[in-house]
Undergrad: 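Can you keep this structure in mind? I'll have questions shortly.
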2 protein chains.
Amino acid sequence: MKKVNERLSITSDDSPKKVYIEIVRQLRAMIEKDGLKAGDKIPSERELSERLNAGRSSVREALRALELLGLIETRRGEGTYIRDFRGNQLVQLLGTFILQDKKAIADVIETKHFVERDCLEIALMKNGEKEFSSLKKWVAEHNVDDDRFFGKIAMLADNHLIYRIWQILKDYYHSLNTHEFQPTKEQYLELADALAQGNENLVEAAYRKLRNLSEV
Amino acid sequence: MKKVNERLSITSDDSPKKVYIEIVRQLRAMIEKDGLKAGDKIPSERELSERLNAGRSSVREALRALELLGLIETRRGEGTYIRDFRGNQLVQLLGTFILQDKKAIADVIETKHFVERDCLEIALMKNGEKEFSSLKKWVAEHNVDDDRFFGKIAMLADNHLIYRIWQILKDYYHSLNTHEFQPTKEQYLELADALAQGNENLVEAAYRKLRNLSEV
DNA sequence: ATCTCAAGGTGGTCAGACCACGGTTTCTTT
DNA sequence: AAAGAAACCGTGGTCTGACCACCTTGAGAT
């Protein structure tokens, strides 16, 4: 005789969330609380079902979703484990799945451009001639590509969040096959130089040039 | 008497994929083949279960996963629909999982500001006096708050991806208890007016004022 | 000490049963 | 005839119980 009330589905403060969504939250809380790390095992489906007072199917819906996202890994006969999620395959899945129409592609490109410009601006704001001189030197001495260069810029911007966003956008972008020409080393240098000079307009211009943008 | 063989689970040419994964693929193929677009309805769970020769629970596992990814949307009593948010929710989830270090607050605020500014700029770029006059009118006639106003701006920017990103940042922001003063209606009006005038510098200034930003 | 194999735990899947909700149809009531 | 109310049906939401396949473990046989 279980209490039929006070199940997860009823917890609604206001929003009648689906059980599996609530389970995802609980799972997240549980992971945080217990300090579970990549590779650690999480409770079995049946145990979760009991502890969270939900049906096993609902637990599975949550777990399967997290699995498709690449956040956990399940091995039959063994159990479910937290995964070292970084980057990974969901991007690819999304790419093949949804990024098919041109509007979406355009959105990705546009957003990426703006975020990159933001990173440049933030980096400019938070750094001085010294750091950018190092950057120039680094560009001159290494093989730079887009990823590496803007990776460094994002670092200089010292904003973890926007860095993550940029990475995701970058991954999206790479999953499109619309790779255009790579900027030349000279263009990177010019951009780094503009940063070193601390001139925002120069930076903007150099970035546009590097991205072959014409519009304002 | 159904044939127990040749179910989806047995189709393994080489890899013993899970049924729900196979269903995701089938679904993707189905969408592509039938040329389904955002907003279109996909077959019911029961029908899919039959057509794909799989249990309804497996179908649901696949659908729930896609839902968490933001690729589809389900409405009880109605059906399941293809969604046009690309990018999206995955970012949210990743963020929720990754952004657990508390000191990221400043990053959230900073990033939100920049993204909002981007939205303003994109909106400015893609719209004319007409649209912004409507916006002004709307602001004047309704109770505006931050969410609603920038929601509209993001819409005008016509970029679902950056809109999603903004929503996420907004949610983060709200989850911090650092709620500062709300802008006044006049400030929103001023911003809308600057947009209507098509003057980027004015827009920037109005936004800074609204956000009480001093720098730069 | 080593090997064998049965037992138990775990994920994988399915079928069936309800419920809640939205839309449609049909039947009242006015 | 028009407007409102009730029944009906399809849909997602959830739970339960039943198997299956696989892995780990440990008791017993060697």
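In the text below, chain A, chain B and the rest are named by the order of the sequence lines, each starting its count at 1. Keep in mind that this is a model prediction, so the values were computed, not measured.
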Undergrad: Kindly write out the residues that satisfy ring-ring contact (aromatic ring centres under 6.0 Å, His included) with B/F149, not counting sequence neighbours, or none if the list is empty.
TA: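 Partners of B/F149 under the ring-ring contact (aromatic ring centres under 6.0 Å, His included) test: B/Y188.
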
Undergrad: Do NZ/NE/NH1/NH2 and the carboxylate oxygens of B/K126 and B/E131 come within less than 4.0 Å?
TA: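 No, this pair does not count.
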
Undergrad: Report the distance from atom CD of B/E45 to atom P of C/dC19, rounded to the nearest whole Å.
TA: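 It works out to 18 Å between those atoms.
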
Undergrad: Is it true that a side-chain atom of B/K137 and a backbone atom of B/F132 form a donor plus acceptor pair closer than 3.5 Å?
TA: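 Checked: no pair found.
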
Undergrad: Between protein and nucleic acid, restricted to nucleotides 21-26 of chain C and to nitrogen or oxygen atoms under 3.5 Å apart, what atom pairs and distances do you find?
TA:
none

Undergrad: Side-chain N or O of B/T74 versus OP1/OP2 of D/dG13: is the shortest distance under 4.0 Å?
TA: yes

Undergrad: The side chain of A/R60 lies closest to which of these nucleotides: C/dC14, D/dT14, C/dG12?
TA: C/dG12

Undergrad: Of the options D/dC15, C/dC14, D/dG12, whose atoms approach the side-chain atoms of A/S58 most closely?
TA: D/dC15

Undergrad: Are A/E61 and B/S57 side-chain neighbours, meaning at least one heavy-atom pair lies under 4.5 Å?
TA: no

Undergrad: For the residue pair B/W166 and B/D147, what are the closest heavy atoms and their distance?
TA: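 Of all heavy-atom pairs spanning B/W166 and B/D147, the closest is CH2-O, 3.5 Å.
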
Undergrad: Is B/E67 salt-bridged to B/R64, cutoff N-O under 4.0 Å?
TA: yes

Undergrad: Grab the CD-C1' distance between A/E50 and D/dT14 for me, whole Å please.
TA: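 In whole Å, D/dT14 C1' lies 17 Å from A/E50 CD.
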
Undergrad: Nearest whole Å is fine: how far is C/dG11 P from A/E61 CD?
TA: 16 Å

Undergrad: Determine: side-chain N/O of B/R56 to OP1/OP2 of D/dT11, distance under 4.0 Å, yes or no.
TA: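 B/R56 to D/dT11 OP1/OP2: no side-chain N or O under 4.0 Å.
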
Undergrad: To the nearest angstrom, how far is A/E67 atom CD from C/dT10 atom C1'?
TA: 14 Å

Undergrad: Over how many whole Å does the gap from A/R64 atom CZ to C/dG11 atom P extend?
TA: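 Taking CZ of A/R64 and P of C/dG11, I get 8 Å after rounding.
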
Undergrad: Roughly how many Å is it from CG in B/L63 to P in D/dG13, rounded to a whole number?
TA: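 Those two atoms, CG and P, are 9 Å apart.
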
Undergrad: Counting only side-chain N and O atoms of B/T80, is one of them less than 4.0 Å from OP1 or OP2 of D/dG12?
TA: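 Answer yes for this pair, as a side-chain N or O of B/T80 is under 4.0 Å from OP1 or OP2.
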
Undergrad: A/Y81 OH to C/dT10 P: how many Å, rounded?
TA: 10 Å

Undergrad: For A/E121, is there an ion pair with B/R117 - N to carboxylate O distance below 4.0 angstrom?
TA: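 Judged by the 4.0 Å cut-off on N to carboxylate O distance, B/R117 and A/E121 do form a salt bridge.
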
Undergrad: So what does B/R46 hit on the nucleic acid, given a heavy-atom distance under 4.0 Å: a base, only sugar-phosphate, or nothing?
TA: base

Undergrad: Hey, does B/S49 reach any base, or is it just sugar-phosphate, or nothing, if we go heavy atoms under 4.0 Å?
TA: nothing

Undergrad: Determine to 10° how strongly the helix from C/dA1-D/dT30 to C/dT30-D/dA1 is bent, judged from the axes of its five-pair ends.
TA: 30°

Undergrad: Any salt bridge linking B/K112 with B/E110? Criterion: basic side-chain nitrogen under 4.0 Å from a carboxylate oxygen.
TA: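 No, no charged N to carboxylate O under 4.0 Å.
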
Undergrad: Going by heavy atoms in the side chains, are B/I122 and B/L156 under 4.5 Å from each other?
TA: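 A side-chain contact under 4.5 Å is absent here.
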
Undergrad: Roughly, in whole Å, what's the span from NZ in A/K18 to C1' in D/dT11?
TA: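 Rounded to the whole Å, the gap is 12 Å.
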
Undergrad: Tell me, yes or no, whether the heavy-atom count around A/E50 atom CD, taken from other residues, nucleotides or ligands under 6.0 Å, exceeds 12.
TA: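 Open: at most 12 neighbouring heavy atoms sit under 6.0 Å from CD of A/E50.
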
Undergrad: Tell me what A/S44 touches on the nucleic acid: a base, only sugar-phosphate, or nothing, going by heavy atoms under 4.0 Å.
TA: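 Touches sugar-phosphate only.
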
